[in-house]
Structure formats: structure tokens, C-alpha cells
Undergrad: 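Have a look at the structure that comes next, please.
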Amino acid sequence: PTIATATFPLPPEQPAAVPLRLMTDLGTLEVFAAAGRGVHSGELSFAACALAPCSLMLAAAGASPKLARAAAWPLGSIF
């Protein structure tokens, strides 16, 4: 199921590769695209993701986005 959507235009001078940074914790998802030109902040719902894994979908007008690289870092407790 779709929980939230966010759209934003890119200026013509934006390179074809758009950096995307995701930050999440137990209840929030922050998405920063194109060095902050597009930002989405939303809640994560355990109930919505209980029956099927939640995922992030990217779409682009006139093109199919491709993942160039990805990295993940686990966070530990500050206590």
C-alpha cells in the first residue's frame, strides 16, 4: 500500500544522476534528494508494514531511474 508520496521538479541544470539520502529510525523516514532540493519527512507505521515489507519507489518523468550505488550504516543506541 502507498503510505505517502512526494514530488518535486528538478531544474534543467540538474545532472542526470540525482543523489538520494534516506535516514530512518523506529518511526520516521527522511528523504533528501538532489542535495536537499527535494525533501520528504514522514512517519513509518509498523501496522502498515506488518503484512508486507515496506519499500521506497522512485519514478521519473520520461525515464526509468536506475540505482548507481547504495550503502547502509547501522546506528547504535546513544544510551
Side-chain angles (χ1 to χ4, degrees):
T2 300
I3 297 172
T5 61
T7 62
F8 64 94
L10 290 174
E13 66 273 9
Q14 175 68 40
V18 177
L20 187 67
R21 180 169 293 205
L22 305 165
M23 301 170 80
T24 185
D25 60 16
L26 293 175
T28 306
L29 174 66
E30 306 282 342
V31 181
F32 302 91
R37 286 191 184 271
V39 178
H40 173 77
S41 180
E43 294 181 11
L44 292 176
S45 167
F46 289 112
C49 300
L51 300 177
C54 284
S55 61
L56 176 69
M57 183 185 82
L58 302 175
S64 296
K66 294 181 175 67
L67 178 64
R69 66 181 177 157
W73 296 273
L75 298 177
S77 173
I78 62 170
F79 301 107

Undergrad: Does Leu20 share a hydrophobic cluster with Val39, counting links as ILVMFWY side-chain heavy atoms below 4.5 Å and allowing steps through other members?
TA: no
Undergrad: If you look only at pairs with a residue in residues 29-41, which of them pass as a side chain to side chain donor-acceptor pair (under 3.5 Å), with sequence neighbours excluded?
TA: Glu30-Ser41
Undergrad: Suppose we screen for side-chain hydrogen bond (donor to acceptor under 3.5 Å, both in side chains). Which residues come up paired with Thr28, at least two apart in sequence or across chains?
TA: none
